[in-house]
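Data block below; observations after.
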Amino acid sequence: MNPELLIPLVIYLAAMLGLGFWLGRRPPEGGFVQDYFLGNRSMGGFVLAMTMVATYASASSFIGGPGAAYRLGLGWVLLAMIQVPTVWLTLGVLGKQFAHIARRVNALTINDMLFARYRSPLVVLLAGMGLLAAFVATMVVQFIGGARLLETVTGLPYEGGLMLFAATVLLYTLIGGFRAVVITDAVQGVLMLLGTLVLLAGVLHAGGGASALFAGLAEIDPGLVRPQGPDGVLGMSFMLSFWVLVCFGVIGLPHSAVRCLAYKDSAAMHKGIIIGTLVGAVLMFGMHFAGALGRVLVPELTVPDKVMPTLMLAVLPPLVAGLFLAGPMAAIMSTIDSQLIQASATLVKDLYLNYLCRTPPSPTAIKRASRLVTLGLGLVVLWAALSPPDMIIWLNLMAFGALQAIFFWPLVLGLYWWRGNATGALASMVTGALSYGLLLHFGIKPLGLHAIVPSLTLSGLAYVLGSLLSPPPPHRVRELFGRQ
């Protein structure tokens, strides 16, 4: 074990834990449920931008994405830049509409919005089941990424790193709720940005500059410096699929969309769009570019997911590496805490309080149930993370696609097409989930496209047809959603 690396990381984890405890001790500004699951809708522009970026930039971005760039070269860096407009798209398409309507109907979760739009408990039930299944998969990815990071840089065994990482995230999310999640996200976003810039500068310096590193990549494999990658794997079908999966389709990710319910005002949203897009561009380029160039500096890696921590050890002094390893750690923690709090909200707020609880429970009982559910979900994910795959990016992208196939059209068309109704939403969710699952399971790729492209196409058609073949939504729904 290397104390020069372990001590700064432990200090960082302790600081995040302390921040969560401090925020958890502050009295709620509204009721416990609104404060715990939505932070009383008080986010400013900078915090909104950083929590959007930090939530999206995950173990896949800081660990899996650079690992793919290490294996596939500069073509993957070009492909990764497709993700730059994600904050702009999410806030631009959903932001103002979501915030305006959510305040009118007092929606605290995405499922609250779906119920206000479709007036169907079945829509909420299917959405909740889909969200929980996909979030468990993506949270497993984050736990694996955090454990691998600690394993690589500190010498801790994988299981020890997993326990340390999981305990920190679970405790500050458990105690502080949504407010702790977004404030720690803001801190972690700054650390991610600094860590990315320091690492990229170290890689370029260690490799003798970009031109020397490009030459080294070409010597290993000429495909590493071509847009199509080695053996042309990054063809047009792959690029189109990736554009849908990690850019356009991100509008349908519930843990990003819920941020649109929680910002303070329109000025905060506009500021969040500008800052979030700029920070996201730097992060995506820096992380993936460093991963691709790392093939020259550390060519012997057998597990590509270890390229980022290995590079930090190789090109930075130990103490500096320990400080800036908080960057990828922040990316992982900021995604899992967001998904954990929303999964808890789905079980407690959307299912238990709305449909299963016959008499209104006391605030103390709600508080206890919320924290027990958060803890239980975390322990389930921890158990699943004990057997990790070699490359986590594919598992993460699979779960991303499942969320998009289920939520994309009910969210987007629900906001912008007054004729959409519960029948259309149910048809879209079922069609999207089934087609995505079947295409992935049987490895079917129409025209070489990833399963998300035909799945979104089919689920969109199902939404339109299901809505047109059934009665229009009630007048009060049309009034609320049709003329905003």
Side-chain angles (χ1 to χ4, degrees), residues 31 33-34 37-38 41 93-134 251-255 257-262 342-361 366 403-434 456 458-484:
V33 173
Q34 175 160 301
F37 292 127
L38 209 59
R41 309 186 200 274
V93 172
L94 302 180
K96 189 166 289 189
Q97 288 277 70
F98 253 46
H100 181 76
I101 294 169
R103 283 162 171 77
R104 292 184 63 183
V105 301
N106 195 31
L108 304 182
T109 66
I110 294 299
N111 281 333
D112 281 347
M113 291 292 289
L114 290 174
F115 183 77
R117 177 62 178 86
Y118 299 111
R119 306 289 174 169
S120 169
L122 187 55
V123 168
V124 174
L125 180 62
L126 288 178
M129 291 171 59
L131 186 147
L132 288 171
I251 300 169
L253 293 179
H255 54 293
V258 75
R259 266 72 185 147
C260 301
L261 307 180
Q342 193 168 353
S344 300
T346 297
L347 283 171
V348 175
K349 167 70 175 62
D350 298 330
L351 301 181
Y352 174 66
L353 292 180
N354 288 350
Y355 299 110
L356 300 178
C357 188
R358 297 184 180 275
T359 57
I366 296 174
L403 287 169
Q404 293 167 18
I406 294 170
F407 285 95
F408 185 88
W409 295 117
L411 288 178
V412 176
L413 289 181
L415 280 180
Y416 291 101
W417 188 41
W418 71 269
R419 186 62 176 79
N421 57 24
T423 303
L426 288 168
S428 175
M429 294 165 71
V430 172
T431 301
L434 286 178
L456 277 184
L458 292 172
S459 62
L461 289 172
Y463 186 98
V464 173
L465 290 174
S467 297
L468 292 177
L469 294 175
S470 54
H475 175 72
R476 65 182 183 275
V477 173
R478 297 202 304 271
E479 189 176 37
L480 179 63
F481 283 83
R483 298 184 179 90
Q484 299 303 326

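As the structure is a computational prediction, the values presented were derived from the model and not from experiment.
The line from CG of L94 to OH of Y416 is 6.5 Å long, rounded to the nearest 0.5 Å. L415 CG to I251 CD1: the interatomic distance, rounded to the nearest 0.5 Å, is 10.5 Å. Interatomic distance, OG of S467 versus CG of L426, reported as 10.0 Å (0.5 Å rounding). One finds the CG atom of L434 at 11.5 Å from the CE atom of M429 (value rounded to the nearest 0.5 Å). Note that CD1 of I110 and CG of L131 are 9.0 Å apart. Values are rounded to the nearest 0.5 Å. Distance check: H475 NE2 to L480 CG gives 11.0 Å after rounding to the nearest 0.5 Å.
A pairwise comparison of heavy atoms in A116 and V477 identifies O-CG2, 3.9 Å as the closest pair. Among all heavy-atom pairs drawn from C260 and F98, the shortest one is CB-CB, 3.8 Å. Considering every non-hydrogen atom in both S470 and N421, the closest pair reads OG-ND2, 2.8 Å. What you find for A425 and V123 is that their closest heavy atoms are CB-CG2, 4.3 Å.
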(message) Walk me through whether N111 and F115 qualify under side chain to side chain contact (heavy atoms under 4.5 Å, CB included).
(response) CA-CA 6 Å; N111 281 333; F115 183 77; over 6 Å; no
(request) Please lay out, stage by stage, how F407 and V412 fare under the test side chain to side chain contact (heavy atoms under 4.5 Å, CB included). (result) CA-CA 8 Å; F407 285 95; V412 176; over 6 Å; no
(request) Check the pair L411, V93 against side chain to side chain contact (heavy atoms under 4.5 Å, CB included), reporting the backbone distance first and the verdict last. (result) CA-CA 10 Å; L411 288 178; V93 172; over 6 Å; no
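S428 contributes a side-chain N or O that, together with a main-chain N or O of S459, makes up a donor-acceptor pair within less than 3.5 Å. Side-chain atoms of W409 come within 3.5 Å of backbone atoms of L456 as a donor-acceptor pair (strictly under, hydrogens ignored). A distance-only check finds no donor-acceptor pair linking the side chain of R478 to the backbone of W418 [under 3.5 Å]. One N or O on the side chain of R117 and one on the backbone of G420 form a donor-acceptor pair closer than 3.5 Å.
Under the rule for a side-chain contact (heavy atoms from CB on, under 4.5 Å), the partners of L458 that lie at least two apart in sequence or sit in another chain are T431, S435. Considering only residues two or more places apart in sequence or on other chains, A427 meets the side-chain contact (heavy atoms from CB on, under 4.5 Å) condition with A462. The side-chain contact (heavy atoms from CB on, under 4.5 Å) check on A433 picks up I406, with sequence neighbours excluded. Partners of L132 according to the side-chain contact (heavy atoms from CB on, under 4.5 Å) rule, which considers only residues two or more places apart in sequence or in another chain, are A343, T346, L347. Partners of Y118 according to the ring-ring contact (aromatic ring centres under 6.0 Å, His included) rule, which considers only residues two or more places apart in sequence or in another chain, do not exist here.
The salt bridge (Lys or Arg N to Asp or Glu O under 4.0 Å) contacts involving residues 408-431 comprise nothing, where partners must be two or more places apart or lie in separate chains.
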